[in-house]
Amino acid sequence: MSQFTQPPQSPYSQPQQPYGPGQVPGAHPARNGLGVAALILGLIGAVSGLIPFLFWLAGILGTIALILGLVGRGRAKRGEATNKGMATFGAVLALIALIMSVVGAVITFKAVDDAVDDLNKAVSDTTASAKPKAGGDKAKDKGGSKGGDTAKDEKAKEEKPADEALEAGDSAVYDDDLTVTVGEPDPYSPSEFAVGHTKGHKAYKVTVVIENAGKEKFDATLVTAEARAGADGVNAEEIFDDKVGEGFTGTILPGKKVTVTYAFDAPADAKNLTVEISPGITYDASQWELTL
């Protein structure tokens with residue numbers, strides 16, 4: 001008679017599945033994602049730390065992996081995850097990545113500083129220093145052409161201290177045998193369309209000669225000329241018009257020389273003009289003290 005007391009079975013009903021070991025009806029699945037992510041990121045960060053230049057990547061990945069590993073351990077302690085060991089190992093790798101990131105940063109920055117120092121030293125070694133000495137027409141006037149004046153000739157050509165301004169007609173001879181000579185200042189009359197001349201001031205033109213006695217051609221486009229006037233050393237503006245202001249251009253071949261005329265604007269009461277010529281960024285500038 002039990003066949004009449006049992007409820008009818010639906011043909012569509014599924015048999016009840018038994019719960020697996022450790023599973024509780026209604027429980028959520030284990031949240032192991034953070035532990036896995038911590039392990040992967042920590043491993044990549046530690047490997048990146050082996051390359052000093054990638055210290056920044058090791059630091060970023062190590063920081064993220066450490067946070068994920070600690071959070072993953074917290075989940076495992078609360079029973080929300082089952083991979084506590086994986087999260088712990090990921091956090092350990094994250095710490096290793098952070099330590100290697102610091103070491104890599106120190107190595108990288110030191111290497112960069114050493115490279116900059118070597119570059120500065122190389123530039124300093126290639127900078128041509130001037131050896132100021134008497135030369136040009138002024139030296140000839142001092143020495144004369146008589147045989148008995150040989151001693152005077154030698155004295156006129158003696159080198160002056162490098163920190164002493166040269167005089168008109170003197171030459172600055174550089175290590176690569178480049179010679180710069182500045183002549184006497186002469187009064188100059190700017191045109192009505194001249195730029196750099198102030199009404200009431202006086203203008204002076206100065207001839208600059210650069211001779212390349214070396215073995216390499218010289219790029220003259222980097223030559224600059226500046227001037228100061230008077231006892232107070234006020235800036236003497238360079239004058240530009242149709243006759244002056246073009247400056248040096250092109251290159252000077254070995255054994256050749258180029259002459260350029262500059263004009264400067266000075267106060268009417270100025271008694272001297274200090275002209276500074278810089279042949280280029282790898283050359284020391286030289287100065288001439290000219291009497292107006």
Side-chain angles (χ1 to χ4, degrees), residues 128 130-143 156-157 160-174 178-213 218-252 256-292:
K131 299 176 181 177
K133 62 177 61 177
D137 296 336
K138 189 170 184 178
K140 295 178 182 179
D141 294 339
K142 290 181 179 179
K157 294 181 180 179
K160 295 183 178 181
D163 57 351
E164 182 179 335
L166 302 174
E167 299 177 4
D170 290 347
S171 300
V173 182
Y174 289 83
L178 186 76
T179 302
V180 181
T181 305
V182 175
E184 293 276 2
D186 293 321
Y188 178 73
S189 298
S191 66
E192 58 178 327
F193 301 106
V195 177
H197 178 59
T198 301
K199 186 177 180 180
H201 283 196
K202 292 183 178 180
Y204 298 90
K205 63 179 180 180
V206 176
T207 300
V208 179
V209 180
I210 295 182
E211 181 178 2
N212 183 10
F218 171 71
D219 183 6
T221 58
L222 299 179
V223 177
T224 59
E226 298 179 354
R228 296 183 295 274
D232 295 333
V234 297
N235 183 46
E237 293 287 344
E238 183 179 354
I239 298 174
F240 297 87
D241 60 12
D242 56 340
K243 297 180 181 179
V244 295
E246 181 180 357
F248 287 90
T249 58
T251 58
I252 305 177
K256 301 295 183 180
K257 65 172 62 175
V258 175
T259 302
V260 170
T261 300
Y262 291 91
F264 298 100
D265 186 70
D269 58 348
K271 303 300 182 182
N272 66 288
L273 185 70
T274 302
V275 176
E276 180 174 290
I277 304 297
S278 175
I281 58 176
T282 59
Y283 291 82
D284 292 335
S286 298
Q287 291 186 356
W288 284 258
E289 190 73 22
L290 310 178
T291 303
L292 301 179

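Residue numbers start at 1 and run along the sequence shown.
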Listed by chain and number, what are the side-chain hydrogen bond (donor to acceptor under 3.5 Å, both in side chains) partners of N235, not counting sequence neighbours?
E237

Heavy-atom closest pair (G230 atom, A270 atom, distance to 0.1 Å) is N-CB, 3.8 Å

I'd like to check T282 versus Y174 (side-chain heavy atoms, cut-off strictly below 4.5 Å). Are they in contact?
no

Closest approach of G196 to D265 (non-hydrogen atoms, all atoms of both residues):
O-CB, 3.3 Å

If we only count heavy atoms from C-beta on, is the L178 to P279 side-chain gap below 4.5 Å?
yes

Is the side chain of Y188 donor-acceptor paired with the backbone N or O of V206 at a distance under 3.5 Å, no angle test?
no

Where the side chain of D219 meets the backbone of T221, is there a donor-acceptor pair that is under 3.5 Å apart?
yes

Would you give the length of the straight line joining atom CD1 of I277 to atom CG of D284, rounded to the nearest 0.5 angstrom?
14.5 Å

Would a 4.5 Å heavy-atom cut-off, applied to side chains only, mark V275 and L290 as touching?
yes

How would you list, by chain and number, every residue that makes a side-chain hydrogen bond (donor to acceptor under 3.5 Å, both in side chains) with Q287, sequence neighbours excluded?
E276

Not counting sequence neighbours, which residues clear side chain to side chain contact (heavy atoms under 4.5 Å, CB included) with N272? List them please.
T274, E289

Please name all residues satisfying side chain to side chain contact (heavy atoms under 4.5 Å, CB included) with K271, sequence neighbours left out, ordered by chain then number.
none

So, applying side-chain contact (heavy atoms from CB on, under 4.5 Å) with V208, which one of V182, T259, T181 is it?
V182

Please list, chain by chain and in numerical order, all residues satisfying side chain to side chain contact (heavy atoms under 4.5 Å, CB included) with S191, sequence neighbours excluded.
F193, A194, D241, D242

Value for CG (D186) from OG1 (T207), rounded to nearest 0.5 Å, stands at 7.0 Å

Gap separating the NE2 atom of H197 from the CD atom of E192, nearest 0.5 angstrom:
12.5 Å

Sort out for me which residue in K205, E238, E226 forms a side-chain contact (heavy atoms from CB on, under 4.5 Å) with Y262.
E238

d(F264 CZ, R228 CZ) to nearest 0.5 Å is 11.0 Å

Ring centres under 6.0 angstrom apart (F218, Y283):
yes

Under the rule for ring-ring contact (aromatic ring centres under 6.0 Å, His included), what residues qualify as partners of Y204, not counting sequence neighbours?
none

